[in-house]
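In this text, all values refer to a predicted model and were calculated from it rather than measured experimentally. Reminder, nothing fancy here: chain letters follow the sequence lines and each chain counts from 1.
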There are 2 protein chains.
Amino acid sequence: MGVTKTEAYTEAQLQMAGWYKALGHPARIAILEHLLEQDCCICQDLTEVIDLSQPSLSRHLGELRDAGLIVGSTAGNSRSYCINPARWREVQAALNGLFNRFRDGTC
Amino acid sequence: MGVTKTEAYTEAQLQMAGWYKALGHPARIAILEHLLEQDCCICQDLTEVIDLSQPSLSRHLGELRDAGLIVGSTAGNSRSYCINPARWREVQAALNGLFNRFRDGTC
DNA sequence: TTACAATATAACAATATTGTTATAAATAAC
DNA sequence: GTTATTTATAACAATATTGTTATATTGTAA
């Protein structure tokens, strides 16, 4: 029915899936890569970097913001976005927590 | 329009987003966690672990399989699924490749 | 062969996602 | 004040996703 049965999962599972979901679109990967290349935060020259309309970009930024991966700050007429330093490593650690559980089995 | 403009992105971006998308559902996280807990591969006792119908589970397994995160093998009447070790490490490496690009900026 | 068990696929309904254009809201520039 | 600029939101159409039940498929067991 297009709707996930959220009540069946733990908070940790829902949170991890949420982070991955936020990362699960190439435009959002491209946005993050662009942010990571900058020394600092950026204003919205993103429309020149990513081939999407301004509203589409704005919503992708919104999803990354909702997931806590980036933070935005208003500076006068424009808006800057940065990687969220506090969250970034926390998310990395959580995601590695999943991957590190793997040990080559006896299959 | 519900359809991603794939032509605007690099292969690497599309591949990475595809992997994360496969991980972006709590049922699939739960499936992977269950696989990781086992010493070895599992048959489909998953319906007892995850509160979904058998066809729904089968399709989630299919998505993980399509993303290459797990591999399935037929053993007589039943089917075993395992983590795909090569892909598993590849995805983890890609993930850390993304996250490690972050350096605290001068913001 | 016939019946049973395990898994995948088909068909469908409900909701989510992704994109667009149009518009609102807020600040800047004149 | 008026006009431009920048970003977010509303409204919408097209497609994707997620779940279900029903059915097909494949192998086991009697």
Side-chain-base donor-acceptor pair under 3.5 Å for A/Q54 and D/dA8
yes
For A/P26 and B/A17 the tightest heavy-atom approach is N-CB, 3.4 Å
Which of these nucleotides, C/dT18, C/dA8, C/dG19, is closest to any side-chain atom of A/E63?
C/dT18
Side-chain contact check for B/P55: nearest option of C/dT9, C/dG19, C/dT20 is C/dT9
Starting at the 5' end of DNA chain C, which residue's closest nucleotide do you reach first, A/T74 or A/A27?
A/A27
Grab the CG-C1' distance between B/L57 and C/dA6 for me, whole Å please.
13 Å
Output yes when at least one side-chain N/O atom of A/Y81 is less than 4.0 Å from OP1 or OP2 of D/dT6, else no.
no
Among D/dA8, C/dG19, C/dT9, which is the nearest nucleotide to the side chain of A/R79?
D/dA8
Verify the contact: side-chain N or O of B/S56 to OP1 or OP2 of D/dG19, cut-off strictly under 4.0 Å; return yes or no.
no
If only side-chain N and O atoms of B/K5 are considered, is one of them under 4.0 Å from the OP1 or OP2 phosphate oxygen of C/dT20?
yes
Residue A/S78, side-chain atoms from C-beta onward, closest of C/dA16, D/dT7, D/dA16:
D/dT7
Can you check whether A/R59 has a side-chain N or O nearer than 4.0 Å to OP1 or OP2 of C/dT18?
no
Categorize A/L52 for me: base, sugar-phosphate, or nothing, with a 4.0 angstrom heavy-atom threshold over every strand shown.
sugar-phosphate
Phosphate oxygens OP1/OP2 of D/dA16: is one of them under 4.0 Å from a side-chain N or O of B/K21?
no
Check whether any side-chain N or O of B/H60 sits under 4.0 Å from OP1 or OP2 of D/dG19, and answer yes or no.
yes
If I take atom CD1 in residue B/I50 and atom C1' in nucleotide D/dG19, what distance separates them, rounded to the nearest angstrom?
14 Å
Please work out which of the three classes, parallel, tilted or perpendicular, describes the rings of A/H60 and A/H25, given edges at 30° and 60°.
tilted
Could you tell me whether the phosphate oxygens of C/dG19, OP1 or OP2, come under 4.0 Å of any side-chain nitrogen or oxygen in A/S53?
no
Given C/dA6, C/dA8, C/dA26, identify the nucleotide with an atom nearest to the side chain of A/N77.
C/dA26
Whole-Å gap separating C1' (D/dT7) and CD1 (A/I70):
13 Å
Is it the case that the side chain of A/R101 and the backbone of B/L36 share a donor-acceptor pair, with hydrogens and angles ignored and the cut-off at 3.5 Å?
no
Scanning both residues in full, the closest heavy-atom pair of B/G68 with B/N84 reads O-ND2, 3.0 Å
Send over the distance from A/L61 CG to D/dT6 P, rounded to a whole Å.
16 Å
With a 4.0 Å limit, can you tell me whether B/H25 has a side-chain N or O closer than that to the phosphate oxygens OP1/OP2 of D/dA16?
no
Between B/Q13 (side chain only) and B/T10 (backbone N and O only), is there a donor and an acceptor less than 3.5 Å apart?
yes
